[in-house]
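Data first, discussion second: the structure below is written as structure tokens.
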Amino acid sequence: MSIVSSLQKCTAAGLSALFNQSFTEKDFQVNQTKPEFEGDYTVVMFSLVKSLKLSHNAIGNQLGDHLTKNYPQFFSKYNIIKGFLNLTVSDAYWVDLLNKNHNDTCYGKKAMNGKKVMVEYSSPNTNKPLHLGHLRNNFLGWSVAEILKASGYEVIKSCIVNDRGIHICKSMIAWQKFANGATPESTGTKGDHFVGEYYVKFNDAYKKEVDELVAAGKTKEEAEKESPIMKATQQMLLDWENGKPEVIDLWKKMNSWVYAGFDVTYKRIGSDFNIVYYESNTYLLGKGIVQQGLDKKVFYQKEDSSIWIDLTADGLDEKIVQRKDGTSVYITQDIGLALQKYEQYKIDQSIYVIGNEQNYHMKVLQLICQKLGMPNADNIFHLSYGMVELTTGKMKSREGTVVDADDLVDEMVATSKQHTEELGKVKDFTETELKELYDTIGLGAMKFYLLRVDPKKTMVFNPQESIDFHGFTGPFVQYTYARIKSILRKVDSSLLMVDSKDVPNQDVSSMNYDPSTMSLLKLEKDLIIAAEQYPSMIEQACTEHNPSVIANYVFHLAKTFNSFYTEHSIANAETSAKKQLRVQLASITANIIKSGMGLLGIAVPERM
RNA sequence: GGUCCGGUAGCUCAGUUGGAUAGAGCAUCAGCCUUCUAAGCUGAGGGUCAUUGGUUCGAAUCCAAUCCGGAUCACCA
């Protein structure tokens with residue numbers, strides 16, 4: 001249990017005993033004590049003054065006495081300033097915590113809880129390569145999955161590939177018309193980029209045709225309808241739906257190019273999936289459900305035989321779920337897939353990592369599932385994240401301002417190479433080690449940069465800032481880790497106990513100090529306090545589905561360590577007791593950094 | 001127009017179950033490498049928490065109104 005929880009419980013129990021009324025943790029507030037006051041944690045007593053009709057001082061004195069007397073293992077002393085009861089946690093508590101956990105690589109993680117969660121993320125279109133926005137999605141999805149695992153959930157990562165539809169046909173038509181049989185191999189182009197080029201070519205050709213038709217006297221609307229290339233594309237979509245062999249062959253061929261390209265990118269950025277759904281397989285799902293919905297009168301049919309749901313009572317609009325020609329719309333297959341996911345895995349929760357532009361759509365989806373009485377409908381959760389904008393404004397493909405994912409990764413890795421070479425600290429690395437290090441730092445910087453911001457918020461991508469490796473960045477945290485590992489390599493490893501997850505309750509008689517009498521310097525204590533908070537940070541990140549909680553925390557921990565490191569020597573500590581204590585401190589810090597960065601999908605180097 | 005989200009230092013962001021003098025990083029300025037990795041540390045300056053009103057012992061945080069920005073409201077996906 002965290003010290004904050006302990007304090008809340010002890011305070012509630014203490015108040016109940018002292019004042020003969022029942023109190024719970026909600027009746028008062030516990031905060032970390034502000035640095036300008038003495039103490040570690042603070043009970044705010046203003047809310048108690050009214051119910052008890054006593055002064056702060058009276059309450060504070062009685063409660064402070066009670067806590068220090070009855071829980072000396074937690075609290076050593078207290079002071080009262082205005083309505084704030086500041087408690088000092090005893091050094092013995094901190095030291096004991098350090099002893100028990102300093103070499104536990106699973107510190108902060110929970111045992112399996114038997115619950116199953118699906119995290120759907122990434123979900124690309126097969127007509128263009130991944131861009132910066134996809135990166136935020138991928139990093140978020142992967143990290144949230146890790147955070148859920150650390151919190152005891154079994155996680156199934158899924159991906160729905162948007163591999164069919166009019167937009168896919170656009171790049172197919174353009175390839176037929178303009179490629180002269182060119183392939184990724186023949187042009188030496190990565191498959192997804194290759195296909196993306198034809199998607200662009202389609203739009204150029206289409207625009208040209210429309211302009212010409214408009215110049216010939218048509219209205220814009222007419223021109224858009226009559227454009228030959230668009231008509232050909234629509235015909236191709238029909239041919240695809242009818243299974244016309246040469247169209248299917250072309251579709252398969254071009255998609256396979258895209259997948260080959262995606263595989264490379266996914267491998268590079270670390271995305272992976274337990275199950276991949278393809279829209280070409282799922283787009284007919286949900287049609288049966290539409291019929292059932294009609295029978296249940298959740299849906300209704302209009303005269304033209306299109307099928308709708310009326311959501312006006314829920315503050316939304318009417319929504320079509322099946323066209324008059326009997327074909328399904330986007331949301332129909334989503335309903336079908338939602339049910340399939342549940343039937344396939346019996347998941348307790350279904351998380352969708354999708355941008356906030358689809359907030360309305362996801363609200364409608366969940367509402368429909370609920371009205372249909374689907375078993376998992378209440379456990380659909382839309383992890384809605386904000387768009388990534390540039391300092392110059394939004395990314396616009398038409399204006400060519402889209403930041404390509406592969407290019408960005410390459411730039412970040414190149415920058416990390418350049419910085420590393422300038423510093424000249426790794427001259428003895430082999431070529432392979434160097435390459436791995438550049439990847440670790442470059443990708444670490446990028447992931448940290450995108451994950452450090454609250455997912456819900458729109459964020460600005462500043463290229464200069466993103467390649468800064470100082471301050472609140474991934475490389476800063478990685479560097480702190482490498483410094484600690486450098487020290488730990490040099491000191492006697494017997495100062496650390498073996499990993500306590502392997503050998504619980506091991507003999508501590510070889511300790512160089514007595515944990516019950518060891519006193520802590522301020523910077524030592526600050527570091528243990530920070531380390532103690534890691535488990536509750538994982539909890540918070542999990543309930544909020546928010547990796548930025550971890551990013552902010554890990555940065556804070558690293559910063560706290562660096563202050564400690566500059567001020568006090570570990571290897572040459574004043575006494576052997578202090579040396580062991582500090583080695584343990586370094587160890588727990590390194591373990592948490594590695595673990596926390598791992599939750600963000602970021603590797604840490606042993607040396608840099 | 002309806003609905004939803006946001007507005008905190010020059011810039012990028014924390015902080016919102018209401019608590020003490022609103023915090024980081026970048027940028028600017030001033031210091032610190034013969035001692036465990038200076039991708040580091042220490043310090044300084046920088047704020048009408050969009051505005052106005054309300055709730056109360058106490059509001060960046062809760063409520064209302066207003067202003068500004070964004071998203072969305074397709075027989076597109």
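Letters go in sequence order (proteins before strands), and every chain restarts at 1.
The base of B:A38 is not paired with the side chain of A:Thr566 by any donor and acceptor separated by under 3.5 Å. In the interface, the side chain of A:Asn86 is paired with the base of B:A20 through a donor and an acceptor atom under 3.5 Å apart.
Residue A:Thr42 is classed as a base contact, given a heavy-atom separation below 4.0 Å to a base. Across all strands, A:Ile484 comes closer than 4.0 Å to no nucleic acid atom at all (heavy-atom distances). As judged by a 4.0 angstrom heavy-atom cut-off over every strand, A:Lys50 is placed among residues touching the sugar-phosphate backbone only. Residue A:Phe555 is classed as a sugar-phosphate contact, given heavy-atom separations below 4.0 Å to backbone atoms only. Within 4.0 Å (heavy atoms only), A:His568 reaches at least one base atom of the nucleic acid.
The pair A:Lys394-A:Glu399 does not meet the salt-bridge criterion, since no charged nitrogen lies less than 4.0 angstrom from a carboxylate oxygen. Taking 4.0 Å as the cut-off between side-chain N and carboxylate O, A:Lys456 and A:Asp454 count as a salt-bridged pair. Using a 4.0 Å cut-off between charged side-chain N and carboxylate O, A:Asp40 and A:Lys525 make a salt bridge. With respect to A:Glu524 and A:Lys578, a salt bridge is recorded, a charged nitrogen being found less than 4.0 Å from a carboxylate O.
Atom NZ of A:Lys559 is separated from atom P of B:G43 by 9 Å (rounded to the nearest Å). One interatomic measurement links the two molecules: CE of A:Met608 to P of B:A38, which rounds to 12 Å at whole-angstrom precision. A straight line from OH of A:Tyr385 to C1' of B:G6 spans 18 Å, rounded to a whole angstrom. Distance, A:Leu48 CG to B:C57 P: 15 Å, rounded to whole Å. Rounding to whole angstrom units, CG of residue A:Asn562 and P of B:A38 are separated by 10 Å. Between the CG atom of A:Asp468 and the C1' atom of B:U28 there is a distance of 15 Å, rounded to whole Å. Residue A:Tyr565 contributes atom OH, which lies 12 Å from atom P of B:G40 at whole-angstrom precision. The nearest whole Å value for the distance from the CG atom in A:Leu557 to the C1' atom in B:G40 is 15 Å.
For A:Lys417, the NZ atom is loosely surrounded, since the number of other residues' heavy atoms within 6.0 Å does not exceed 12.
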Query raised in the report: When you look at A:Glu465 and A:Arg452, which way does the salt bridge (Lys or Arg N to Asp or Glu O under 4.0 Å) test go after all the steps?
Result: CA-CA 13 Å; A:Glu465 203 176 78; A:Arg452 69 185 202 183; 3.5 Å; yes
Query raised in the report: Does the pair A:His56 and A:Phe46 meet the rule for a ring pair (Phe, Tyr, Trp, His ring centres under 6.0 Å), with working shown?
Result: CA-CA 7 Å; A:His56 326 122; A:Phe46 291 105; 5.3 Å; yes
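The aromatic rings of A:Tyr449 and A:Phe461 lie perpendicular to each other, with more than 60° between the two planes, well past the 30° mark.
Atom name P, nucleotides B:G45 and B:G1: the rounded distance is 46 Å, in whole Å. Between B:C33 and B:U42, the distance separating the two P atoms is 16 Å to the nearest Å. When the P atom is used for both B:G46 and B:A24, the distance is 15 Å, rounded to whole Å. One P atom belongs to B:A60, the other to B:U55, and the distance between them is 16 Å to the nearest Å. Comparing the same atom, C1', in B:A9 and in B:G47 gives a spacing of 6 Å after rounding to whole Å. Nucleotides B:U61 and B:U17 are separated by 11 Å at their C1' atoms, to the nearest Å. Taking atom P in both B:A44 and B:A22, one finds a spacing of 15 Å when rounded to whole Å. Taking atom C1' in both B:U16 and B:G58, the straight-line distance is 15 Å, to the nearest Å.
Note: A:Phe202 and A:Tyr199 fail the aromatic proximity criterion, with ring centroids not under 6.0 Å apart. Between A:Phe555 and A:Phe476, the distance from one ring center to the other falls under 6.0 angstrom. Two rings, from A:His382 and A:Tyr352, have their centers 6.0 Å or more apart. Taking the ring centroids of A:Phe37 and A:Phe84, they lie at or beyond the 6.0 Å cut-off. For an aromatic pair to be called close, the ring centres must be under 6.0 Å apart, and A:Tyr283 with A:Tyr330 fails this.
Taking the ring axis of A:Phe429 as reference, the NZ or CZ atom of A:Arg607 does not stay both within 45° of it and closer than 6.0 Å to the ring centre.
Between A:His470 and B:G40, a side-chain N or O to OP1/OP2 separation shorter than 4.0 Å is present. The phosphate of B:C57 has neither OP1 nor OP2 within less than 4.0 Å of any side-chain N or O from A:Lys82.
RNA chain B is contacted by both A:Phe37 and A:Ser486; A:Phe37 maps to the nucleotide lying nearer its 5′ end (nearest heavy atom per residue).
Closest to the A:Lys363 side chain, of the nucleotides B:G40, B:A20, B:U3, is B:U3. When the nucleotides B:G25, B:C36, B:A38 are ranked by their closest atom to the side chain of A:Ser569, B:C36 comes out on top.
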Query - Under 4.0 Å protein heavy-atom contact, by nucleotide of nucleotides 71-77 of chain B - B base, S sugar-phosphate only - result: SSS-BSB
Report task. Quick one, give me the B/S/- string for nucleotides 11-19 of chain B, reading 5' to 3', where B means a protein heavy atom under 4.0 Å from the base and S means that only happens at the primed atoms, P, OP1 or OP2. Result -> -SSS----B
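With a glycosidic angle no further than 90° from 0, B:C33 counts as syn.
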Query raised in the report: Starting at the 5' end of RNA chain B, what dot-bracket string do you get if Watson-Crick and G-U pairs under 3.5 Å are bracketed, crossing pairs use [ ], other-strand pairs use | and unpaired bases use dots?
Result: ((((((((.[[[[.)...(...]]]].(((((.......))))).....[[[[[..)....]]]]])))))))....
